[in-house]
Asker: 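First, the structure itself, so that you have it in front of you.
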Amino acid sequence: MNTKPIGIFDSGLGGISVWKEVIKLLPNEHTIYYADSDNCPYGPRSIEDIRQLSERIVQFLLHKKCKIIVIACNTITAAAIDYLRTTYREVSFIGIEPAIKPAAENTKTGSIGIFATKSTLESELFNTTKKKYAENIQVATQVGEGWVKMVEENRINTTASRVLIEENIQLMLDLNVDQIVLGCTHYPFLLPIVEAITGGKVNIINPAPAVAGRTKEVLQQHELLNKNDFKGKYHFYTSGDKRILADFLAIHTQEKGIIHQD
Ligand code: DGL
């Protein structure tokens, strides 16, 4: 079982921001990444829809004998992790959530900003976490309108993208936030633009490294770490366009992977 792959999935390419952290921390693990780009975005979908789509991918990853499954998507975690955990008890699931707690702990202005999808921001999970950790501070929330599409279409560095992101960020800055959480796994690919706009005035939080840390911890607890010394093999599946995934990997990672069309 130890040499079996880690399964990682997202509604699309965004979860590759989590995958990058996982392989950095666990370089000798094999991984299978599934991008459901054909059905992306999940953010505007109903909970029922998100559960159905994610369940199909979980079954696919289990069929590939994944020893653990990382849900590299805030939207799917909020809508479906409880359901998936109770339905597929044979495997551990690691989820990702907008990092409200560290943002609330770090703020000096008493005002934090969260960018996430509509579904995440409306979810019970998000609102319970907000109540628990940020009751006495101002939490500004905003959907990164069009951001997921920019990443999916490899349209990151255009003037139109920069203008759109700048408008969104400015609304947050006007509310005096000093912490911005990237609560959708697509958004870290826009980090250079976000940083250029905020110019060091705010702390930007990407929860992906913490998710990689949690994955390692759970594998350790279950004695499932791969003890081999050689580097892992990386397989990528997409329900969308194989060439877009290949281009995306070439731009955003130095790693070599085997790409499959689902
Ligand atoms: N990457 C996903 C997340 O972390 C959502 C993108 C989408 O709307 O499909 O929430």
Side-chain angles (χ1 to χ4, degrees), residues 7-22 33-58 69-84 93-100 103 113-127 129-130 141-156 161 164-165 168 180-191 194 204-212 214-215 236-241 244-245 248-249 252 262:
I8 306 180
F9 76 104
D10 178 37
S11 61
L13 306 176
I16 291 170
S17 62
V18 177
W19 172 82
K20 281 171 81 170
E21 298 298 331
V22 170
Y33 182 93
Y34 191 100
D36 195 11
S37 293
D38 196 36
N39 292 306
C40 191
Y42 280 19
R45 290 177 183 273
S46 69
I47 292 185
E48 196 41 52
D49 223 10
I50 297 168
R51 279 189 193 159
Q52 263 175 29
L53 290 168
S54 54
E55 181 162 22
R56 189 185 70 85
I57 303 169
V58 165
I69 295 181
V70 180
I71 304 176
C73 176
N74 296 262
T75 306
I76 300 172
T77 301
I81 197 167
D82 290 344
Y83 170 75
L84 294 170
F93 289 92
I94 309 294
I96 183 164
E97 285 182 63
I100 298 182
I114 319 277
F115 282 103
T117 66
K118 178 172 180 285
S119 179
T120 300
L121 294 175
E122 287 174 358
S123 70
E124 200 183 317
L125 183 64
F126 177 77
N127 286 291
T129 310
K130 186 171 110 180
T141 58
Q142 215 185 122
V143 175
E145 233 26 281
W147 294 16
V148 169
K149 211 159 173 256
M150 283 174 208
V151 174
E152 284 294 312
E153 293 174 0
N154 264 333
R155 239 183 337 97
I156 293 173
S161 308
L164 187 60
I165 296 170
N168 290 161
I180 286 184
V181 177
L182 302 178
C184 166
T185 54
H186 281 73
Y187 300 170
F189 291 106
L190 304 170
L191 192 61
V194 175
I204 297 161
I205 303 176
N206 170 15
V211 173
R214 181 70 192 136
T215 306
F236 293 88
Y237 289 82
T238 179
S239 60
D241 188 333
I244 293 187
L245 173 58
F248 190 85
L249 287 171
H252 297 287
D262 178 33

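Heavy atoms only: backbone and side chains are in, while hydrogens, waters and symmetry mates are out. For ligands, and for the atoms within them, numbers begin at 1 and follow the listed sequence.
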Asker: Looking at Leu125, Asp10, Ile96, which one forms a side chain to side chain contact (heavy atoms under 4.5 Å, CB included) with Asn74?
Answerer: Ile96
Asker: Is it the side chain, the backbone, both or neither of Asp10 that has a heavy atom closer than 4.0 Å to ligand 1?
Answerer: side chain
Asker: Atoms of ligand 1 less than 4.0 Å from Val148 heavy atoms?
Answerer: 6 (C)
Asker: Does Cys184 approach ligand 1 within less than 4.0 angstrom via side chain, backbone, both or neither, non-hydrogen atoms only?
Answerer: both
Asker: Provide the number and element of each atom of ligand 1 under 4.0 Å from a heavy atom of Pro41.
Answerer: 7 (C), 8 (O), 9 (O)
Asker: Between Ser119 and Thr75, is there a donor-acceptor pair closer than 3.5 Å when you use the side chain of the first and the backbone of the second?
Answerer: no
Asker: At less than 4.0 angstrom from any non-hydrogen atom of Cys40, what atoms of ligand 1 do you find?
Answerer: 9 (O)
Asker: Which residue holds the protein heavy atom closest to atom 10 (O) of ligand 1, what is that atom called, and what is the gap in Å?
Answerer: Thr75 OG1, 2.6 Å
Asker: When you look for heavy atoms under 4.0 Å from ligand 1, do you find them on the side chain of Thr185, its backbone, both, or neither?
Answerer: both
Asker: Under 30°, 30 to 60°, or over 60°: which ring-plane class applies to Tyr187 and Trp147, parallel, tilted or perpendicular?
Answerer: perpendicular
Asker: Does Gly12 have a non-hydrogen atom less than 4.0 Å from ligand 1?
Answerer: no
Asker: Has Arg45 got a side-chain atom pairing as donor or acceptor with Asn39's backbone, closer than 3.5 angstrom?
Answerer: yes
Asker: Give a yes-or-no answer on whether the side chains of Ser239 and Asp36 include a donor-acceptor pair shorter than 3.5 Å.
Answerer: yes
Asker: So which protein heavy atom does atom 2 (C) of ligand 1 come closest to, and at what separation?
Answerer: Cys73 SG, 3.2 Å
Asker: Please indicate whether any nitrogen or oxygen in Thr117 is less than 3.5 Å from any nitrogen or oxygen in ligand 1.
Answerer: no
Asker: For Val148 and Cys40: C-alpha separation, side-chain torsions, deciding distance, then whether side-chain contact (heavy atoms from CB on, under 4.5 Å) applies.
Answerer: CA-CA 8 Å; Val148 169; Cys40 191; 3.7 Å; yes
Asker: Looking only at distances, please establish whether an N/O atom of ligand 1 is found under 3.5 Å from an N/O atom of Gly43.
Answerer: yes
Asker: Taking it one step at a time, do Leu164 and Met150 satisfy side-chain contact (heavy atoms from CB on, under 4.5 Å)?
Answerer: CA-CA 10 Å; Leu164 187 60; Met150 283 174 208; 3.4 Å; yes
Asker: In terms of atom number and element, which parts of ligand 1 are under 4.0 angstrom from non-hydrogen atoms of His186?
Answerer: 1 (N), 2 (C), 6 (C)
Asker: Which ligand 1 atoms, with their elements, are less than 4.0 angstrom from a heavy-atom of Ser11?
Answerer: 5 (C), 6 (C), 7 (C), 9 (O)
Asker: What are the atoms of ligand 1, with element, lying closer than 4.0 Å to any heavy atom of Tyr42?
Answerer: 7 (C), 8 (O), 9 (O)
Asker: Is the backbone of Leu13 close enough, under 3.5 Å, to the side chain of Glu152 for a donor and an acceptor to pair up by distance?
Answerer: yes
Asker: Do any N or O atoms from the side chain of Tyr42 and from the backbone of Thr117 form a donor-acceptor pair under 3.5 angstrom?
Answerer: no
